[in-house]
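For reference, the structure is listed below as C-alpha cells.
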Number of protein chains: 2
Amino acid sequence: MSEPQELKNAGLKATLPRLKVLSLFESSEQRHLSAEDVYRMLLTSGEDIGLATVYRVLTQFEQAGLLVRHHFESDKAVFELNHGTHHDHIVCLQCGRVEEFYDEEIEARQKKAATERGFSIHDHSLHIYADCTKQPCPYKD
Amino acid sequence: MSEPQELKNAGLKATLPRLKVLSLFESSEQRHLSAEDVYRMLLTSGEDIGLATVYRVLTQFEQAGLLVRHHFESDKAVFELNHGTHHDHIVCLQCGRVEEFYDEEIEARQKKAATERGFSIHDHSLHIYADCTKQPCPYKD
DNA sequence: TTGAATGCAAACGATTTGCACCCAA
DNA sequence: TTGGGTGCAAATCGTTTGCATTCAA
C-alpha cells in the first residue's frame, strides 16, 4: 500500500510532513526514534519541517495506531512503527540499545497477576532495563 | 532504628528537611509519592521546605538506597521506600493505583531473555500498565 | 568554625500551544 | 475555496542549578 493511501486510511490528509515522517520510519534501520531524532534526520535530508510539526505528527500517528510511543526510562519519548504484534523490550541504560522479545508465559502470568488485583491489562509492552554485556556497548546514546 | 541514625548510616547529615521527608515516607499510607506530592504534604503540615530541596533530598535518598525512583509512564517521577525486596508494579493508567507483585517465573524468564541477547539485567522493577476494573477507579490521580 | 545544606529564582530540556499563513481536497 | 495543517515563537511542566545565606557537627 502506498504511503499517501496509508495516511488516508488512518484518516489523515496526505501532507508533506506526514509523508516524510512516515517514510522515515519505514526506511530507517533504527526502529525507535525520538521526536528530535526525526526532526534532525529530516533536516539532514534537506526537508524544511518544524519541530512542533514533528511532535504533532508523531502524536497523530500514535492516535491513528500507526506508531507506538514508549518512554524507556529516559526523559524523552521514542516511537516505533506499530507492526501489530505485541512484544516487550529490553533496553540498555548505558547505550540505549533496544531488543524486542515475546514470551507467552510472561504474558500469561502478567495477565493473571493483574486480574487478581482488579486490573484489566493493556496491550502495553514491558520494558526491561539492563546493561549491555558486550564491551563496549555497541551503540552510543 | 531512629531516623537521624538511618540518615547517618546512609552517609547523610541529619538535617531537618531530610528528617521530614524520610518520616513522611515512613508514615504515609501512600507508598508512591512524587516530588510535588512530598512538597505539598510538607507545606500542608506547616514545614517551610523549598521544592528544590525536596528534589535534592529525593535524589540523595535514591543514591543512598533509601528510596527507589519509578517513572510509571507519566511525566513525573515517583519514589517509594526501598524495602529491599524486589517487586514489580501494576499501575492503573486512569487513576494511578499501584499494586506490587512478584513472580519467580517472570523474573527467571526475563533474565533468560536478556542474557540471550547480550544484556545483564538490572534489579529494576517491571511496570505493567492497566486499567482498574473496579468502578469507579478507587483513587483519583 | 566551616563546609555542607537550603531557599529562591533563573535556567533547562522536552513537549505543547497560539496565531498568522499555507496547501490538499 | 477553505478548513485543516504548518512554522515560528512563546508558554508549560517537571526538574536542575547558581548563588548568597543558614546550619549541623
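Convention: sequence-line order gives letters A, B, ...; per-chain numbering from 1. Values in this document were obtained by computation on a predicted structure and should not be read as measured data.
Under the 4.5 Å side-chain heavy-atom criterion for grouping Ile, Leu, Val, Met, Phe, Trp and Tyr, A/Val68 is not connected to A/Tyr55 through any hydrophobic cluster. Residues A/Leu81 and A/Val57 share a single hydrophobic cluster, defined by chaining ILVMFWY side chains whose heavy atoms lie under 4.5 Å apart.
One finds no salt bridge joining A/Lys111 and A/Glu107 here, because no Lys/Arg side-chain nitrogen approaches an Asp/Glu carboxylate oxygen to under 4.0 Å.
Residues B/Glu73 and A/His122 bring no donor and acceptor atom of their side chains to less than 3.5 Å of each other.
Residue A/Arg18 is the one, among B/Ala77 and A/Arg18, whose nearest nucleotide of DNA chain D lies closer to the 5' end (criterion: closest heavy atom).
At the phosphate of C/dT6, OP1 or OP2 sits under 4.0 Å from a side-chain N or O atom of B/Thr15.
The OH atom of A/Tyr102 sits 12.5 Å away from the OG atom of A/Ser125 when rounded to the nearest 0.5 Å. Atom NE2 of A/His127 is separated from atom CD1 of A/Ile90 by 11.5 Å, given to the nearest 0.5 angstrom.
For the pair B/Asp48 CG and C/dA5 C1', the interatomic distance rounds to 14 Å; values are reported in whole Å. As a whole-Å value, the separation of A/Lys76 NZ from C/dG13 P is 12 Å. Summarising the geometry, the separation between OH on A/Tyr39 and P on C/dT16 is reported as 16 Å, rounded to the nearest angstrom. In this structure, the CG atom of A/Leu51 is 9 Å from the P atom of C/dT15, given to the nearest Å. In this structure, the CD atom of A/Gln5 is 17 Å from the P atom of C/dA24, given to the nearest Å. When rounded to the nearest whole Å, the span between CG of A/Leu12 and C1' of C/dC23 equals 16 Å. If you measure from atom CG of A/Leu7 to atom P of C/dA24, you get 13 Å, rounded to the nearest angstrom.
A 4.0 Å heavy-atom criterion places the boundary nucleotides of DNA chain D facing chain B at D/dG14 to D/dA25, written 5' to 3'.
Exactly one residue among A/Glu99, A/Arg31, A/His32 makes a side chain to side chain contact (heavy atoms under 4.5 Å, CB included) with A/His89. That residue is A/His32.
Counting non-hydrogen atoms under 4.0 angstrom, B/Leu16 reaches nothing in the nucleic acid.
Geometrically, A/Arg97 engages B/Phe119 in a cation-pi contact, judged by NZ or CZ lying under 6.0 Å from the ring centre and within 45° of the ring axis.
Taking every heavy atom of residues 52-64 of chain A and every atom of DNA chain D, pairs under 4.0 Å involve A/Ala52, A/Thr53, A/Arg56, by number.
Contact check for B/Arg69 versus B/Thr59: side-chain heavy atoms found under the 4.5 Å cut-off.
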